[in-house]
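Report on one structure; see the data block that follows.
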There are 2 protein chains.
Amino acid sequence: MAYQDSILHPDFKLGILGGGQLGKMLAQAASNWHLPVYALEQDHSFPAGRATPFLQHGDFKNYDDVYRFGREMNVLSIEIEHVNTEALHRLEEEGVKIHPAPDKLDIIKDKGLQKEFYATHGIPTSPFRLYEDENALRRAVAEGGQPLPFVQKTRTAGYDGKGVSIIRSEEDLDSRLLSGPCLAEELVEMEKEIAVIVARNEQGETRCFPAVEMAFNPVANLVEFLFCPAAISAEQEAAAEALAVDVIEAFGLCGLLAVELFLDKDGQLLVNEVAPRPHNSGHHTIDSCYTSQFEQHLRAVLNLPLGSTEMKAPSVMVNLLGAPGHTGPAYYKGLEKCLAMPGVHLHLYGKSTTKPYRKMGHATVVNKDLQQAIAYAKEVQQALEIVSGT
Amino acid sequence: MAYQDSILHPDFKLGILGGGQLGKMLAQAASNWHLPVYALEQDHSFPAGRATPFLQHGDFKNYDDVYRFGREMNVLSIEIEHVNTEALHRLEEEGVKIHPAPDKLDIIKDKGLQKEFYATHGIPTSPFRLYEDENALRRAVAEGGQPLPFVQKTRTAGYDGKGVSIIRSEEDLDSRLLSGPCLAEELVEMEKEIAVIVARNEQGETRCFPAVEMAFNPVANLVEFLFCPAAISAEQEAAAEALAVDVIEAFGLCGLLAVELFLDKDGQLLVNEVAPRPHNSGHHTIDSCYTSQFEQHLRAVLNLPLGSTEMKAPSVMVNLLGAPGHTGPAYYKGLEKCLAMPGVHLHLYGKSTTKPYRKMGHATVVNKDLQQAIAYAKEVQQALEIVSGT
């Protein structure tokens, strides 16, 4: 039976490791085709728990859980890269189709291997050195082998700004150094930070979404606003998209690849890091593009034709973060005010507990006038407060 | 607690009578806010069965089932008007908030009362007469009291072109007359058929989606294509929207009202009939408008601010109907070809059994160029075939 028919076969199963907000939004996209999404997650209270009736309890970092879950699936994918890849390798040997493939995940989830991959494949990235641990790094600084300032990144488990520390001085070395295997990279003199999400299917077809421009919350080091289109020249846009295609082709990966890029003061593009899945920088596509990043991921991992990545209209995405000082059951204040603004698309993930700066949802403001969208996005951020208790 | 906060309260329950495709798409819209949708439907194999974990088994035409389901809800709404309104009246007396209100449903679900409502409220509609049954109608024709041609409509249970018969001749009287209480209305010399979906909340705020133009399949008498914007003048658009607002205000109804209109050869607008819920003619809004009709219905029945009804881009909607001659388990052929066309948004409802002309899904083609969208929509209709068996 041809693939395009088989995904609608009653017995077809798509498995996703993880049931957080990305898993939820993948399940929502699949729901349009009535495609069953099986998600492996700790329990039903996770965001995907309501979006699919096929959530199975388990730990995506546990070998047995991943293996048992995966062998029932026709196609297996992820919403987070920090999964048990040992089990994925075994499943792959046993014939389960897995996208992105486990050997790519092994590289991407270790920031040291990821940087080495760029270096050996001629992909521009900031210069770096690997260190066994923070003590080796400290010694290198003392011996003059590692100049200040630099960005220290732990090799594994970095997420949402965690696992990254900027070291500018001897003082920072005492107070801000992170422990464990790490790398130190040159601090880039950044003009702006952009991201390009690219998709690739088994046929090798590739498509880029338009570049987005990120603005960070300086306290939480989390993306706060995201603008699309980015305020870059047509040449820079073309170069960024071409680079994203180079990266996904170098990996030979099927699925989505979110490529975070630095545009430095000299106008040079450098790959910061990648994520082989739907990404925060692509949330706006649900409401602003002809195809959402979630549907595109499904198309790519199921080897369907990729969808148009054109924008219907410009957009601004705001992460809705838990208010500082609040930990506990989540309450949403100011919702009505946000819904009264034109073009505001509200996405609440349904996490029962809020924590300071936790991603509880996002809002995408779509508007033919980007400046107007930015103004509304700032109003949304002012109006909506996620607190613990009424 | 303010309403806008309470809908996100863990205990808040929105109930929907019916779990077909409209219930599914309402649940999908609610999922963006992580708002729980409880649906009353026969069993989990219905379209909404996967889109919400809170589907409850029961018959929305049964008094006890509706009453038991409804009294657990904070707000109760519908996806089909042919529900047990006796139970709704009792629930309303007991304080359950119900939108649209049961007394409006009683009028709308009886086409005779609906026509009388228009006549007594000065709403333009084609001239009509009510008949006790088909025999009374036949006698009136014989006695010269009912001129030919006319459109016969049964007073209740009409749906998707059923319950409507065009009687042009004495011969038709013998072969095409429908049985039961009915009305006969003048056959309108139609220029085109359009629909305007209007929303109203408890504050009395109203918003119209842009008018859509319908093209019917002449065999099945089902909407086959739907174009937005409609090919009408700005004055006609304004008049159609004003008329839709007149109708919803005359009813005093909260929620969505889909107003089907005839534009006759003299340029006059006549109300054909209405549906107090999301409607086939509004499916395109999911992919082409700033707010979908499903989110708008939620906003209206929950008394939230109504969303922008502006178009992001022109669109064409195609109903995906079961192929003639096929009854049984549904298989979808040509899916990959459809997905390869730019701007095609595919919505499959997941009905396990296909029947000739059964609505199994829809596709919305979004394109800045409406003519291009129409061309793709025709290709989709050619390419996709829903059959029983591979």
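Every value quoted in this text rests on a predicted model; they were computed, and no experiment measured them. So that the names make sense, note that chain A is the first sequence line, chain B the second, and so on, each numbered from 1. Worth knowing before you read on, the calculation uses all heavy atoms, side chains too, and leaves out hydrogens, waters and symmetry mates.
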Problem - chain B contact via A:D287 - side chain, backbone, both or neither, heavy atoms under 4.5 Å - result: both
Exercise for the section: Evaluate whether atom NZ of B:K355 has more than 12 neighbouring non-hydrogen atoms of other residues, nucleotides or ligands under 6.0 angstrom away. Expected result: no
Practice task
Go through A:P53, A:P329, A:S288 and name the one with the most non-hydrogen pairs under 4.5 angstrom from chain B.
Solution key: A:P53
Exercise for the section: For a side-chain contact (heavy atoms from CB on, under 4.5 Å) with A:N32, tell me which candidate from B:Q28, B:M25, B:H345 qualifies. Expected result: B:Q28
Fill in the blank from the handout: Interface check, chain B: of A:S352, A:P305, A:G307, A:A27, most non-hydrogen pairs under 4.5 Å belong to A:P305
Problem - Proximal component of A:F54, with respect to chain B [non-hydrogen, under 4.5 Å] - result: side chain
Fill in the blank from the handout: So CG of B:N303 and CD of A:E336: to nearest 0.5 Å the spacing works out to 7.5 Å
Practice task
Establish, from distance only, whether the side-chain atoms of A:H34 and B:K24 form a donor-acceptor pair under 3.5 Å.
Solution key: yes
Practice task
Could you tell me the separation between the SG atom of B:C338 and the CG atom of A:L304, rounded to the nearest 0.5 Å?
Solution key: 11.5 Å
Problem - A:E310 and B:K368: CA distance, side-chain angles, deciding distance, side-chain contact (heavy atoms from CB on, under 4.5 Å) verdict - result: CA-CA 11 Å; A:E310 211 188 320; B:K368 273 154 196 162; 3.4 Å; yes
Practice task
Please check if the side chain of A:R299 supplies one atom and the backbone of B:L339 the other of a donor-acceptor pair under 3.5 Å.
Solution key: yes
Problem - Nearest atoms (heavy-atom pairs only) where B:V366 meets A:K312 - result: CG1-CE, 4.0 Å
Fill in the blank from the handout: Correct closest heavy-atom pair for A:G343 and B:S308 would be N-CB, 4.1 Å
Practice task
Heavy atoms only, distances under 4.5 angstrom: which of A:C289, A:P342, A:S31, A:A313 has the most pairs with chain B? Name it, please.
Solution key: A:S31
Fill in the blank from the handout: Under 4.5 Å to a heavy atom of chain B? For A:A340 that would be both
Handout entry: Beyond-backbone contact of B:P36 with A:R50, side-chain heavy atoms, under 4.5 angstrom
Key = yes
